[in-house]
Every structure is written in C-alpha cells, then in structure tokens.
Amino acid sequence: SLSVWAGCVIPFGASGVQRTGGAQEEQVVVMTTTKGKIVIELYPDAAPVAVDNFQKLIKKRFYDGLKFHRKTDWGIIQGGDQKGDGTGGPGYTIIDEYTNSNQVPHLRGTVAMARPNAPDSAGSQFYICLKAQLHLNGQYTTFGQVIQGMEVVDQLVVGDIMKTVRLEAKSKYVKPQ
C-alpha cells in the first residue's frame with residue numbers, strides 16, 4: 001500500500017521498516033565482514049537523521065566492499081570511507097544529534113557517526129566501540145548497538161572488508177520476549 005503526503009507517494013517501508021501482514025517489522029543491520037557477521041540494532045529515537053542516512057546508504061549498497069580503515073589503541077574500529085584513508089564520504093554531510101536527550105552512552109558495542117573536528121560534518125563514516133568511551137559522550141552521535149557478533153568486532157583490523165551490509169528483519173536475529 002502507499003501513503004500520499006504533500007503530493008508525494010511514499011511506499012510503506014520506505015523508512016527501513018518492512019510491512020508484514022499489516023504489522024511493521026523492525027529491521028537490524030547485518031554486516032558480513034571478512035571476519036564474520038555483525039548484527040546492529042538501530043536507535044531512531046536517539047538519532048533519527050543518522051539512522052535514516054545509514055539506512056539510505058545501506059539500500060544504495062554504499063558500504064559493500066569498503067574496508068575498516070582505522071583502529072585505535074584506545075578502543076574503536078572505524079569504517080564507511082570509500083577512499084579508505086579517513087577523508088571520504090557520500091558527498092554530503094548530516095547534522096550532529098549528540099545533544100538529543102535520547103542519545104545513548106558510548107559503551108562496548110555502541111555504533112556512532114565519525115566526523116572531522118567540525119560540527120555537522122558526518123556523512124558515511126561510523127565507528128564501533130570496542131570498550132566504553134564515555135569521554136566521547138556529547139561529542140559524537142550514537143545511533144546503534146551491536147547485538148550479535150561482538151566477538152567478530154573484537155577481531156577486526158585495518159583492511160578487513162565489509163563484504164555486504166543489509167537491512168533484515170530483526171525477528172530473524174532476536175526472539176520476541
């Protein structure tokens with residue numbers, strides 16, 4: 001079915017939520033890397049712009065084949081740069097959302113938008129925390145959490161590849177409580 005809003009036709013599911021029998025199904029990010037599979041839950045309440053941007057880039061297959069280009073000794077792994085050197089992006093930037101009251105702290109497995117030292121300059125690069133990084137709270141937009149495959153994240157090194165990054169039904173990975 002379709003919704004019409006202000007003269008635009010928008011298919012249900014355009015926001016990364018699939019319709020299944022009349023109910024909306026939450027989606028997760030499934031990242032298949034050279035080291036294994038990582039499943040990430042997204043937090044649209046914490047960072048609606050970042051989540052929407054990440055989902056759009058995934059649907060365009062922007063991340064497929066990209067390398068993790070940075071790993072720090074203090075505990076993050078970073079990817080999402082098509083140039084592979086930390087300077088690339090999608091050709092546009094998005095607003096920072098780290099002042100959103102629903103932001104989650106930088107804990108082990110938290111996924112956040114990477115950016116240069118300039119406001120509103122994130123685009124496609126993201127990082128995953130290998131351990132808590134509380135000093136980054138209030139400086140970088142958090143938008144998701146690894147819910148499966150943290151042992152894979154721990155093994156990632158610079159040069160490892162995101163073979164595919166897809167949106168899939170959360171119910172395939174998380175059983176209802």
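The analysis underlying the following values was restricted to heavy atoms, covering all of them including side chains, and did not include hydrogens, waters or symmetry mates. Nothing fancy with the numbering, it's 1 onward along the sequence.
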* To do: Check side chain to side chain contact (heavy atoms under 4.5 Å, CB included) between Asp120 and all other residues, then give those that pass, not counting sequence neighbours.
  => Ile95, Asp96
* Evaluate the criterion side-chain hydrogen bond (donor to acceptor under 3.5 Å, both in side chains) for residue pair Asn53 and Tyr92; output intermediate values, then yes/no. => CA-CA 10 Å; Asn53 179 61; Tyr92 60 86; 2.5 Å; yes
* To do: Would you mind reporting whether Thr33 and Lys163 have side-chain heavy atoms less than 4.5 Å apart?
  => no
* Asked: If we only count heavy atoms from C-beta on, is the Leu57 to Pro90 side-chain gap below 4.5 Å?
  -> yes
* To do: Begin from the C-alpha positions of Gln27 and Glu168 and carry the test side-chain hydrogen bond (donor to acceptor under 3.5 Å, both in side chains) through to its verdict.
  => CA-CA 5 Å; Gln27 293 190 309; Glu168 294 186 27; over 6 Å; no
* To do: Could you tell me the separation between the CD1 atom of Ile77 and the SG atom of Cys129, rounded to the nearest 0.5 Å?
  => 12.0 Å
* Kindly indicate, with the supporting measurements, whether the criterion side chain to side chain contact (heavy atoms under 4.5 Å, CB included) is fulfilled by Val157 and Lys35. => CA-CA 9 Å; Val157 296; Lys35 295 278 171 53; 3.8 Å; yes
* Structure fact -> Looking only at heavy atoms, the pair that brings Arg115 and Tyr140 closest together is CG-CE2, 3.8 Å
* Asked: Does Gln155 reach the side chain of Val153, with side-chain heavy atoms less than 4.5 Å apart?
  -> no
* Measure the CD1-NZ distance between Ile58 and Lys56 for me, rounded to the nearest 0.5 Å. => 13.0 Å
* Asked: Quick one: do the Glu97 and Gln103 side chains pair a donor with an acceptor below 3.5 Å?
  -> no
* Asked: Going through the distances and angles, do Thr34 and Asp160 end up as a side-chain hydrogen bond (donor to acceptor under 3.5 Å, both in side chains)?
  -> CA-CA 6 Å; Thr34 46; Asp160 281 336; 3.3 Å; yes
* Does some side-chain heavy atom of His69 sit less than 4.5 Å from a side-chain heavy atom of Thr87? -> no
* To do: Write down the atom of Ala114, the atom of Ala122, and the distance for their closest heavy-atom approach.
  => O-CB, 3.5 Å
* To do: For residues Tyr63 and Phe54, establish whether the separation of their ring centroids is below 6.0 Å.
  => yes
* Asked: In terms of hydrophobic clustering (I, L, V, M, F, W, Y; side-chain heavy atoms under 4.5 Å; direct or indirect links), are Val146 and Leu136 co-clustered?
  -> no
* To do: Measure the spacing between CD1 of Ile128 and CG of Leu156 and express it to the nearest 0.5 Å.
  => 7.0 Å
* Indicate yes or no: does Arg70 engage Asp85 in a salt bridge with an N to O separation below 4.0 Å. => no
List the atom pairs, with distances to 0.1 Å, where a side-chain N or O of residues 36-48 and a protein N or O form a donor-acceptor pair under 3.5 Å, not counting sequence neighbours.
residue, atom, partner, partner atom, Å
Glu41, OE2, Lys170, NZ, 2.4

* Structure fact -> CG (Leu130) and CG (Asp73) are apart, to the nearest 0.5 Å, by 11.0 Å
* Taking it one step at a time, do Val111 and Thr142 satisfy side chain to side chain contact (heavy atoms under 4.5 Å, CB included)? -> CA-CA 6 Å; Val111 184; Thr142 58; over 6 Å; no
* Asked: What are the two closest non-hydrogen atoms of Gln145 and Thr110, and how far apart are they?
  -> OE1-OG1, 3.1 Å
* Go through Asp154 and Lys131 one step at a time and tell me if the salt bridge (charged side-chain N to carboxylate O under 4.0 Å, His left out) criterion holds. => CA-CA 10 Å; Asp154 289 334; Lys131 60 183 181 179; over 6 Å; no
* Asked: Counting distance only, does the side-chain N/O of Asp81 pair as donor-acceptor with the main-chain N or O of Gly86 below 3.5 Å?
  -> yes
* To do: Decide yes or no for Phe68 and Met162: does some side-chain heavy atom of the first lie under 4.5 Å from some side-chain heavy atom of the second?
  => yes
* How many angstroms lie between CE in Met113 and OG in Ser124, if you round to the nearest 0.5 Å? -> 7.0 Å
* Sequence neighbours left out, what passes side chain to side chain contact (heavy atoms under 4.5 Å, CB included) with Lys67? Give chain and number order. => Ile161
* Structure fact -> For Tyr173 and Val28, the nearest pair of non-hydrogen atoms, with its separation, is CD1-CG2, 3.9 Å
* Asked: How far does CG of Leu66 sit from CD of Gln125, to the nearest 0.5 angstrom?
  -> 9.5 Å
* Asked: Under a 4.5 Å cut-off applied to non-hydrogen side-chain atoms, are Leu107 and Leu134 in contact?
  -> yes
* Asked: Less than 4.5 Å apart, any side-chain heavy atom of Phe143 and any of Val49?
  -> no
* To do: Could you tell me whether the side chain of Tyr98 reaches within less than 4.5 Å of the side chain of Gln139, counting heavy atoms only?
  => no
* Taking the six-membered ring for Trp, are Tyr127 and His106 ring centroids under 6.0 Å apart? -> yes
* Asked: Is it the case that one hydrophobic cluster holds both Val104 and Ile147, taking links as side-chain heavy atoms less than 4.5 Å apart, direct or via other members?
  -> no
